Amino acid sequence: MREKFPINEIPNRTASLPKTKKGKRKRTDAMTKRLSSLLLQLLLLSITAESSSNRIRHVKPPIRNGEPGTKPYRYETQYFHQTLDHFSFTDLPGFEQRYLVGRLQLWAPGYGRPIFFYCGNEGDIEWFAANSGFVWESAPLFGALVVFAEHRYYGKSMPYGSKEGAYVNAKSLSYLTTEQALADYATLLTDLKRNLSAEDSPVILFGGSYGGMLAAWMRLKYPHIAVGALASSAPILQFENIVPPETFYDIVSNDFRRESVSCFNTIKESWDVLESRGQTVNGLLSLSRDFNLCRNLNNSEDLADWLSSAYSYLAMVDYPYPSEFLMPLPANPIKEVCKKIDGLDEGSSVLDRVFSGVSVYYNYTGYVDCFDLEDDPHGMSGWDWQACTEMVMPMSSSQDNSMFPTYDYDYSAYREQCIQDYGVKPRPRWVTTEFGGHDVRTTLKKFGSNIIFSNGLLDPWSGGSVLQNVSKSIIALVTELGAHHIDLRASTKDDPDWLIEQRETEIQIIKQWIDEYHQERVASSSISGDAMM
């Protein structure tokens with residue numbers, strides 16, 4: 001029998017949640033910034049020559065597939081000439097923002113059919129479109145148009161003509177902010193609805209991880225643009241003095257410990273073993289060989305970062321079925337990692353066990369010849385800049401509950417690393433100033449409505465999200481065995497009952513938002529008509 005978990009009862013999860021790492025090793029500054037993002041999906045088209053706007057140009061429509069076994073998602077790729085700086089009147093060069101649009105030929109805007117709009121994350125938008133099956137599967141139920149908009153400075157949406165031009169220095173990167181990205185989405189949607197004669201069509205926002213944060217914030221900042229938002233695995237509270245900084249790594253560690261205490265202990269022991277080996281004569285060379293690296297190590301910290309990233313990502317994508325969201329992985333990958341770590345012969349070394357386990361993440365298919373520690377297959381490098389400016393998410397690792405090296409969050413060291421890397425000082429309080437957060441219940445209750453915060457408690461980012469209902473229309477859907485935005489993924493034959501029920505609940509809530517929107521429009525039209533008589 002499939003295990004069920006009630007999604008209407010919201011656990012009160014507070015101080016004992018996990019976070020990210022940093023410790024005696026200086027590597028943790030870069031690591032904290034990198035992990036601050038996984039933290040973690042299509043838009044228009046076929047606007048013909050009769051379109052009133054010249055801001056949209058057409059590209060041959062491709063077909064993109066999701067993961068093996070999923071149905072193909074058919075969409076067309078479009079580009080929108082976007083403003084570089086929405087908050088000044090300086091004459092700056094614009095850029096082409098990519099967006100994907102599906103179901104256009106099946107959509108009837110004159111009937112007030114909705115637009116499902118995915119707020120693009122810190123990566124290539126096609127990647128998110130291919131891994132957000134829920135948006136595609138639920139759209140036909142509403143006759144919705146599907147739009148996935150790419151985040152500026154990621155994928156092919158590059159200011160200054162190219163990534164090389166956009167990433168030159170702090171000046172060229174200065175327009176990479178959440179505020180500018182949200183303004184991009186608002187401008188794009190407004191123009192799109194006008195071109196499609198769809199001003200009456202309600203917009204439902206979707207997003208997972210950072211995209212979920214954007215969806216929630218956009219609903220707060222632009223309530224006239226969208227009638228509701230599904231913010232999946234959105235850590236909007238993962239900022240200064242809101243949740244304990246050890247939360248992220250404690251949750252990752254708990255995920256491994258629940259599978260195997262010995263696995264947890266082996267990983268916890270491995271950091272000192274790794275550091276000691278790296279300090280021996282030819283130690284870095286032997287580590288490079290034993291871990292089958294493409295290039296020889298210059299220090300052991302880079303290898304430790306690589307391992308730590310794998311454990312954190314494994315916790316995020318600990319799905320109950322095979323997936324390829326970040327890497328090709330088996331079902332319940334943490335269980336498989338711990339089987340490898342615990343399953344080697346009794347005389348095996350700690351590092352042999354760790355390598356065997358981490359190979360499940362980095363080489364489950366067995367096709368990888370060697371490991372490149374700097375590989376970034378999804379184009380997320382812009383997040384380092386965002387983490388050094390406004391997306392400052394404090395993280396630490398506790399001595400008792402974490403399997404990672406112990407360290408305390410050190411903002412001074414973090415700031416100095418950002419100055420060294422980009423010549424900028426972070427603004428750790430800006431996000432909570434701009435969007436609220438320290439008294440999030442009051443902010444959301446007084447100024448927000450129609451937001452679903454969905455989270456699975458296996459996901460380490462759940463500790464920084466909203467886990468309790470705030471009002472009748474700001475709802476927390478929490479599942480005990482869910483991982484990173486699992487509800488946004490395509491349905492499979494292996495979906496547990498609790499996941500099926502969660503998605504059904506989300507569909508019911510979205511339907512209610514759309515029904516209320518149309519009812520209010522009818523009532524408003526009646527009032528306007530009476531006033532004119």
Side-chain angles (χ1 to χ4, degrees), residues 19-22 27-41 118-128 131 149-159 163-164 166-170 172-182 184-185 207-215 217 233-236 238-240 248 302 305-306 308-310 312-313 316-317 325-327 373-395 414-415 417-428 430-431 434-435 459-461 464 484-485:
K19 280 223 177 223
T20 316
K21 85 179 194 186
K22 194 172 179 169
R27 59 189 166 84
T28 52
D29 296 309
M31 192 57 205
T32 298
K33 287 185 292 181
R34 193 184 321 157
L35 272 173
S36 290
S37 147
L38 259 164
L39 143 47
L40 149 329
Q41 291 166 341
Y118 186 92
C119 300
N121 300 45
E122 68 287 20
D124 189 299
I125 192 59
E126 290 187 339
W127 179 41
F128 295 106
N131 286 278
E150 191 162 67
H151 194 297
R152 56 170 55 202
Y153 287 82
Y154 293 101
K156 295 183 178 179
S157 300
M158 289 292 169
K163 184 173 183 178
E164 291 71 26
Y167 282 63
V168 170
N169 52 34
S172 65
L173 282 164
S174 62
Y175 305 104
L176 173 50
T177 68
T178 56
E179 299 84 1
Q180 298 282 7
L182 292 178
D184 287 344
Y185 299 154
S209 197
Y210 172 51
M213 300 166 79
L214 293 173
W217 288 336
S233 300
I236 64 168
Q238 193 83 40
F239 296 97
E240 185 180 64
F248 183 95
D302 289 343
D305 279 351
W306 184 71
S308 179
S309 294
S312 298
Y313 293 153
M316 286 191 279
V317 296
F325 177 49
L326 295 177
M327 294 284 191
L373 304 192
E374 299 302 320
D375 187 29
D376 178 20
H378 303 301
M380 296 187 292
S381 58
W383 187 261
D384 287 346
W385 164 264
Q386 291 189 256
C388 264
T389 50
E390 56 184 4
M391 300 298 290
V392 181
M393 298 179 168
M395 295 190 176
Y414 187 99
R415 180 191 60 202
Q417 187 68 47
C418 290
I419 294 173
Q420 178 181 324
D421 291 347
Y422 295 105
V424 297
K425 294 180 182 179
R427 298 180 183 175
W430 175 243
V431 163
E434 174 73 2
F435 300 113
D459 178 18
W461 291 110
H484 202 51
H485 51 68

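Numbers here simply count residues along the sequence, with the first being 1. Fair warning: this is a prediction, and the values are worked out from it, not measured in the lab.
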Sub-4.5 Å side-chain heavy-atom contact between [X] and [Y]:
X	Y	value
Y167	M158	yes
M316	P460	yes
V392	F239	no
M393	W461	yes
Y422	L173	yes

[X] versus [Y], closest heavy-atom pair with distance:
X	Y	answer
P159	S157	CD-O, 3.5 Å
W383	Y154	N-OH, 2.9 Å
G207	A215	N-CB, 4.1 Å
Y414	C388	OH-N, 4.4 Å
D459	S233	OD2-OG, 3.2 Å

What residues, two or more places apart in sequence or in another chain, satisfy side chain to side chain contact (heavy atoms under 4.5 Å, CB included) together with [X]?
X	result
Q180	D85, H86, F87, R152, Y175, T177
S174	none
T389	W385, V424

For this session: From the options E240, M391, M213, select the one residue that forms a side-chain contact (heavy atoms from CB on, under 4.5 Å) with V431.
Result: M391
Keeping [X] on the side-chain end and [Y] on the backbone end, is there a donor-acceptor pair under 3.5 Å?
X	Y	answer
N169	S172	yes
Y185	G120	yes
D184	H151	no

For this session: Please check if the distance between the ring centroids of H485 and F325 is under 6.0 Å.
Result: yes
For this session: Hey, could you give me the CH2/CG distance between W217 and L182, rounded to the nearest 0.5 Å?
Result: 8.0 Å
Exercise. Do Y153 and Q386 get their side chains close enough for a donor-acceptor pair, meaning under 3.5 Å?
Worked result: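 No - no donor-acceptor pair under 3.5 Å links their side chains.
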Seminar exercise, completed: Those residues at least two apart in sequence (or on a different chain) that pass salt bridge (Lys or Arg N to Asp or Glu O under 4.0 Å) with E179 are none
Exercise. Among all residues two or more places apart in sequence or in another chain, which pass the salt bridge (Lys or Arg N to Asp or Glu O under 4.0 Å) test with E390?
Worked result: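 E390 satisfies salt bridge (Lys or Arg N to Asp or Glu O under 4.0 Å) with no other residue.
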